[in-house]
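Step one of this worksheet: look at the structure below.
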Amino acid sequence: MSLLKLLLLASGFLSVFWGLANAANAEPLTVEEMRSQVSHRSSDLRSISSTQPATSQPISQSMVADDSDETEIRVTGTKSPFAPSSSPTYIIPKSEIEQQNPSTAAEILRSLPGFAINDYGFGADIHTGTFLRGFSINQSIFQINGRSFGSNVSTYHGGTDLNGIPADAIESVELTGGTSATLYGSEAFGGVINLTTKKEPQPLKATAGVEIGSYGYQRYRIGYGGTLDNVNFRLGYERFSTDNNYPVPVGAANRNPADGRLFNGDTRIDNFYGSVEAPLDSRNSFSLDAYKTASRRGLLYFGFPLQRDRLDHDLLNIGATLTTKLGDGNDSILKTTIAFNQDFFNTYGPSGAFFRTGSLDSKALSGRVENQWQISPTYKLTSGLDISSSSIRGDVFSNNPAFRVNTGVVSRDRSHVALFALNTLQLDNNFQLELGLRQNFTNDFGSYLNPTVGTRWNITPEIIFRNSFAVLQRNPGLDQLFVPDSIHSWLPNPNLIPEKGVAYTAGFDFNLSNSFTAQLTYFGSSLSDRLGIIAGRWENVGQVSTNGIEAALKLQITPEFSSFFNYTYTDAKVTSSRTASEVGLQLATVPYSVAKLGVNYNSNGYQANLFFNYYSGSRRSVFAATGVNPTEFSPAYLSLDFNAKVPLYKDLSLTLSLENLTDQSYEKTNRIFQPGLTYRIGLQASF
């Protein structure tokens with residue numbers, strides 16, 4: 001395909017998108033493939049066709065002579081089920097996503113170890129949070145196709161809303177950490193989560209789905225895509241809405257005393273998404289993808305009296321990548337990416353006799369150049385440059401005389417440049433060393449260096465030990481530094497300093513058999529100068545030390561039946577604080593334990609899944625009800641969910657989801673309640 005044709009196609013894609021938005025098999029391995037396995041991420045492995053070390057699995061060789069007396073060496077083996085990284089890496093492939101039939105990215109991620117997701121499903125509220133190894137969503141890095149999205153906004157209910165990313169657009173999910181911070185940013189205290197969108201070559205087809213359920217639940221989606229003249233493309237639209245007007249007990253947040261039902265809990269989300277990927281020639285390829293989300297919802301959490309505030313969140317994320325094979329072989333890959341991200345938050349509503357509103361418009365233009373160079377069979381260098389320019393505009397209004405002096409418009413910006421290099425060395429057949437450096441330069445916090453180190457030791461072909469260590473830093477958001485929050489009456493603080501700390505992991509990957517794998521990991525971290533609110537103002541409030549254990553097991557029982565189990569224990573202790581009463585306590589809304597057990601059936605298009613979910617409860621602290629001790633924990637709960645997929649005719653299937661099969665309402669987190677038994681039923685079709 002000519003460059004002109006590609007540019008015309010990309011231009012047409014952008015025009016259509018913008019208009020819509022505004023309206024376990026073994027594979028043979030060659031010797032070189034096994035040698036070139038030294039890679040950091042599994043997504044990078046796909047780009048250079050690398051696999052696990054030659055010693056990871058048994059190898060057989062055969063010498064075959066043809067009629068010309070030339071000798072051919074054939075090496076066969078099996079791929080390791082684990083990514084060759086020094087940090088715990090969890091991958092949810094396309095097959096598992098389709099098996100679980102999730103609705104959003106949040107629903108996918110709650111199946112991963114390390115995650116505690118409270119803001120998902122019925123009664124989900126922006127305040128309740130997503131935590132990875134004890135860290136909030138702004139202390140981890142979330143990516144789409146290897147580029148970061150999100151705005152580092154903490155006021156006006158800002159933050160990345162994973163419920164707005166449709167599962168239908170996602171091909172796979174990867175969670176990693178440790179030396180990934182060298183490549184993707186020093187804010188990765190919790191880890192790096194990469195959502196890869198669907199790009200596999202496939203016949204042209206349209207897809208459609210409709211789903212309805214309890215309490216006004218409705219989800220509609222339509223998409224079209226496939227492969228045309230070596231170009232893969234995909235366009236899609238999805239709308240989700242729910243009333244969430246279910247009964248809640250006395251004491252629940254936003255319980256309407258008139259009818260005992262949840263008040264102001266409705267949500268509506270519109271998603272537009274698309275992608276195009278095409279070869280320019282035998283050495284170059286081009287990809288472009290874009291996402292537009294418009295979310296409108298009520299806020300629940302306070303409830304003193306009925307919370308009537310609303311939150312509008314509009315997200316636009318678009319990125320283009322040129323991938324080039326340097327030289328004559330496949331040992332050096334250059335990726336050049338340019339991206340734009342915009343998050344617009346608007347919160348508004350009455351507060352007693354007063355009206356207040358606040359808007360934040362966060363924009364970021366970024367560029368990235370990354371070279372993956374397999375210098376020798378035992379040495380890989382990944383290096384490059386990140387550059388970004390971000391800005392924020394805050395519009396603040398309140399007719400409360402006590403806050404009126406802070407109203408107005410605030411505009412600030414930030415520039416950030418980072419140089420990074422990750423060295424991956426195979427010191428011998430069984431030992432891998434990773435050494436990383438990320439040098440950052442900012443216009444407001446100067447320059448700082450973030451080193452990382454990790455090792456991976458193949459004790460036996462079936463048992464691997466790994467560990468990682470990273471020095472990290474998260475700079476305060478521009479909103480925390482400069483923008484007053486009229487909704488909560490919080491004030492910014494231009495004297496804030498960055499959150500700094502270290503994160504480390506140590507654990508084992510067990511390939512116990514062809515049908516049973518296990519991962520066991522200890523994780524720890526120390527975070528100083530953490531950010532929080534004291535007396536209505538952002539401050540560096542103290543230090544948190546975190547220790548935890550996470551386990552992930554997968555079992556293929558029979559060709560039709562499989563099972564998985566994930567467990568995470570997180571002890572996130574406040575070790576020092578300017579608020580003395582916090583010292584020695586678990587971080588608010590972070591549970592000690594979460595677990596999920598799944599039993600899956602899949603045969604000839606028929607699918608059935610049973611999920612057991614455990615949540616140990618979390619400390620109420622923030623906005624606890626009057627008379628409730630902030631050290632009190634919400635009750636633990638165990639819930640049971642079921643979903644199924646039944647083929648009806650060719651490419652038409654029936655889906656069914658039943659949540660909370662025991663029909664016992666429980667408190668998901670601080671005063672936010674899940675209703676009893678709920679259902680979702682739908683149809684999926686392709687043609």
Distance-minimising heavy-atom pair for [X] and [Y]:
{"X": "Asn440", "Y": "Ala418", "result": "OD1-CB, 3.7 Å"}
{"X": "Ser140", "Y": "Gly190", "result": "OG-CA, 3.4 Å"}
{"X": "Gly178", "Y": "Thr452", "result": "O-CG2, 4.0 Å"}
{"X": "Ile141", "Y": "Gly185", "result": "CD1-O, 3.5 Å"}
{"X": "Gly394", "Y": "Leu360", "result": "CA-CD2, 3.8 Å"}
{"X": "Ala181", "Y": "Leu472", "result": "CB-CD2, 3.5 Å"}

Checklist line | Stepwise side chain to side chain contact (heavy atoms under 4.5 Å, CB included) check, Thr267 with Phe240 | finding: CA-CA 8 Å; Thr267 296; Phe240 162 72; 4.1 Å; yes

Would you say [Y] and [X] are linked by a side-chain donor-acceptor pair, where the criterion is simply a distance under 3.5 Å?
{"X": "Tyr237", "Y": "Asn271", "result": "no"}
{"X": "Asp289", "Y": "Thr197", "result": "no"}
{"X": "Ser332", "Y": "Lys325", "result": "no"}
{"X": "Thr321", "Y": "Thr337", "result": "yes"}
{"X": "Gln432", "Y": "Glu434", "result": "yes"}
{"X": "Asp479", "Y": "Thr155", "result": "yes"}
{"X": "Ser388", "Y": "Ser390", "result": "no"}
{"X": "Thr505", "Y": "Ser468", "result": "yes"}

Measure the [atom1]-[atom2] distance between [X] and [Y] for me, rounded to the nearest 0.5 Å.
{"X": "Asn341", "Y": "Asn317", "atom1": "CG", "atom2": "CG", "result": "4.5 Å"}
{"X": "Gln99", "Y": "Lys94", "atom1": "CD", "atom2": "NZ", "result": "14.0 Å"}
{"X": "Ser172", "Y": "Ile97", "atom1": "OG", "atom2": "CD1", "result": "6.5 Å"}
{"X": "Ser411", "Y": "Asp361", "atom1": "OG", "atom2": "CG", "result": "9.0 Å"}
{"X": "Leu288", "Y": "Leu322", "atom1": "CG", "atom2": "CG", "result": "12.0 Å"}
{"X": "Leu109", "Y": "Leu132", "atom1": "CG", "atom2": "CG", "result": "9.0 Å"}

Backbone N or O of [Y] within a donor-acceptor pair of the [X] side chain at under 3.5 Å?
{"X": "Thr357", "Y": "Thr347", "answer": "yes"}
{"X": "Glu98", "Y": "Ser95", "answer": "no"}
{"X": "Asp281", "Y": "Arg283", "answer": "yes"}
{"X": "Gln139", "Y": "Arg474", "answer": "no"}
{"X": "Thr442", "Y": "Phe445", "answer": "yes"}
{"X": "Arg268", "Y": "Arg297", "answer": "no"}
{"X": "Asp314", "Y": "Ala294", "answer": "no"}
{"X": "Ser186", "Y": "Gln473", "answer": "yes"}
{"X": "Asn194", "Y": "Glu174", "answer": "no"}
{"X": "Gln519", "Y": "Thr89", "answer": "yes"}

Do [X] and [Y] have side-chain heavy atoms sitting under 4.5 Å apart?
{"X": "Lys380", "Y": "Gln372", "answer": "yes"}
{"X": "Arg368", "Y": "Phe420", "answer": "yes"}
{"X": "Thr207", "Y": "Arg221", "answer": "yes"}
{"X": "Asn443", "Y": "Asp413", "answer": "yes"}
{"X": "Asn475", "Y": "Arg414", "answer": "yes"}
{"X": "Leu365", "Y": "Lys363", "answer": "no"}
{"X": "Phe82", "Y": "Arg456", "answer": "yes"}
{"X": "Pro492", "Y": "Gln480", "answer": "no"}

Note to self: Less than 6.0 angstrom from the centroid, inside 45 degrees of the normal: does Arg110 satisfy that with respect to the ring of Phe115?
What the structure shows: no

Checklist line | Crowding at NZ, Lys500 (>12 non-hydrogen neighbours, <6.0 Å) | finding: no

Next item on the list: Verify side chain to side chain contact (heavy atoms under 4.5 Å, CB included) between Leu228 and Leu204, making sure each step is shown before the conclusion.
Entry: CA-CA 7 Å; Leu228 178 64; Leu204 289 173; 4.3 Å; yes

Next item on the list: Take Asn346 and Arg310, measure what side-chain hydrogen bond (donor to acceptor under 3.5 Å, both in side chains) needs, and give me the verdict at the end.
Entry: CA-CA 8 Å; Asn346 183 32; Arg310 309 288 298 178; over 6 Å; no

Check: Run the side chain to side chain contact (heavy atoms under 4.5 Å, CB included) check on Leu449 and Leu437 step by step: do they pass?
Finding: CA-CA 7 Å; Leu449 182 68; Leu437 288 175; 4.2 Å; yes

Item checked: Stepwise side-chain hydrogen bond (donor to acceptor under 3.5 Å, both in side chains) check, Thr176 with Ser87 -> CA-CA 6 Å; Thr176 187; Ser87 61; 3.0 Å; yes

Next item on the list: Take Glu187 and Asn450 through the side chain to side chain contact (heavy atoms under 4.5 Å, CB included) test and state the conclusion after the steps.
Entry: CA-CA 10 Å; Glu187 304 88 356; Asn450 297 115; over 6 Å; no

Check: For Asp343, which of Asn152, Val153, Thr293, Leu315 qualifies under side chain to side chain contact (heavy atoms under 4.5 Å, CB included)?
Finding: Leu315

Checklist line | Ion pair check, Asp395 and Arg393, cut-off under 4.0 Å | finding: yes

